[in-house]
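Data block below; observations after.
Lettering follows sequence order; numbering is per chain, from 1. Please read all numbers here as calculations on a predicted model, not as lab measurements.
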Amino acid sequence: MNISRTDLNLFVVFEAIYSQGGVTRAAEVLHLTQPTISHALGRLRDRVGDPLFVRHGQRLVPTPLADRMIGPTREALKLFQRTLGELDGFDPLTAEMQFSIGMRALMEASFFLPLVRLLNSAAPRVMVSSVPLDRRRIEADLSAGELSAAIDIFLPLGEDIRREHLSTSRTVVVARQGHPQVVGQITLGSGPINRLEIALVACFKSPNFQGVS
DNA sequence: ATCGGTACATCCCCTGGCTG
DNA sequence: CAGCCAGGGGATGTACCGAT
């Protein structure tokens, strides 16, 4: 295949369809229409001589070739992205950028406000928005650029997801001395704690963030 | 069995870039 | 400047699934 005769945008479309699991959702994240994505997929199918995705009910399932292509494609797209980023340069004081950070409500109270305060001084023109996090879609949303980053508990994710430890939290139970239902060893999995109405309070402490929710 | 909703494919047209 | 070609989008067809 001659790369000079190949529209490299087709690989952006391919990656979006693979990540989103469908043409329509790929169109949404790329801000194009469904027929446009369908046309692009058709052109890529012609180029590689493989359907790449086959319909399985209402889903598009990647073919073995698509499974083989997705890794190198993502690597290449990341390289392009990094190269363009380096060309643009980055100065936090003047950068005008927008980031979407996925997090759950509990995390939001602890991390988001400190982050906004930090950015106000370090990167005043950078906008961040907090997006409700769907754990089942973290990898897909990060790959598609729907999320710039996500803050959550440690989860088993793919190797291409870069992660950093932000804080450690401890769970404690507070009850009056001699409470009849809180005796002996207490666990989260079973036992008396499950029968009680409890208030869940999370405390986070880290070098970068401090907060209580 | 039928109907409505969802999703992908295809047809057709428009637009913009390239070339002679 | 005209003709060609590729890409994008609207409209429509087709297939599938779930509810009734």
- Task: Provide, to the nearest angstrom, the distance between the CD atom belonging to A/Q20 and the P atom belonging to B/dT6.
- Result: 18 Å

- Query: Whole-Å distance between B/dC8 P and A/Q34 CD?
  - Reply: 7 Å

- Is a side-chain N or O of A/S19 found less than 3.5 angstrom from the main chain of A/E15, in a donor-acceptor match? yes

- Item | Whole angstrom value for the distance that separates C1' of C/dA6 from CG of A/L44 | 15 Å

- Residues which pass salt bridge (charged side-chain N to carboxylate O under 4.0 Å, His left out) with A/D67, listed by chain and number, not counting sequence neighbours: none

- Query: In whole angstroms, how far is the C1' atom of B/dC13 from the NE2 atom of A/H39?
  - Reply: 10 Å

- Task: Give A/T36 one of three labels, base, sugar-phosphate or nothing, depending on what nucleic acid heavy atoms sit under 4.0 Å from its own.
- Result: base

- Message: Rounding to an integer number of Å, can you tell me how far A/R45 CZ sits from B/dT10 P?
- Response: 8 Å

- Note on the structure: Taken to the nearest whole Å, CG/A/L41 to C1'/B/dA9 is 10 Å

- Task: Run through A/L119, A/L118, A/N120 and flag the one making a side-chain contact (heavy atoms from CB on, under 4.5 Å) with A/V116.
- Result: A/N120

- Query: If you check the A/T24 side chain, which of B/dC8, C/dA11, C/dG8 turns out closest?
  - Reply: B/dC8

- Task: Determine yes or no for a side-chain-to-main-chain donor-acceptor pair under 3.5 angstrom, with A/S148 supplying the side chain and A/S100 the backbone.
- Result: yes

- Mind calculating the distance between CZ (A/F11) and P (C/dG7) to the nearest angstrom? 13 Å

- Item | Rounded distance (Å) that lies between atom C1' of C/dG8 and atom CG of A/L10 | 13 Å

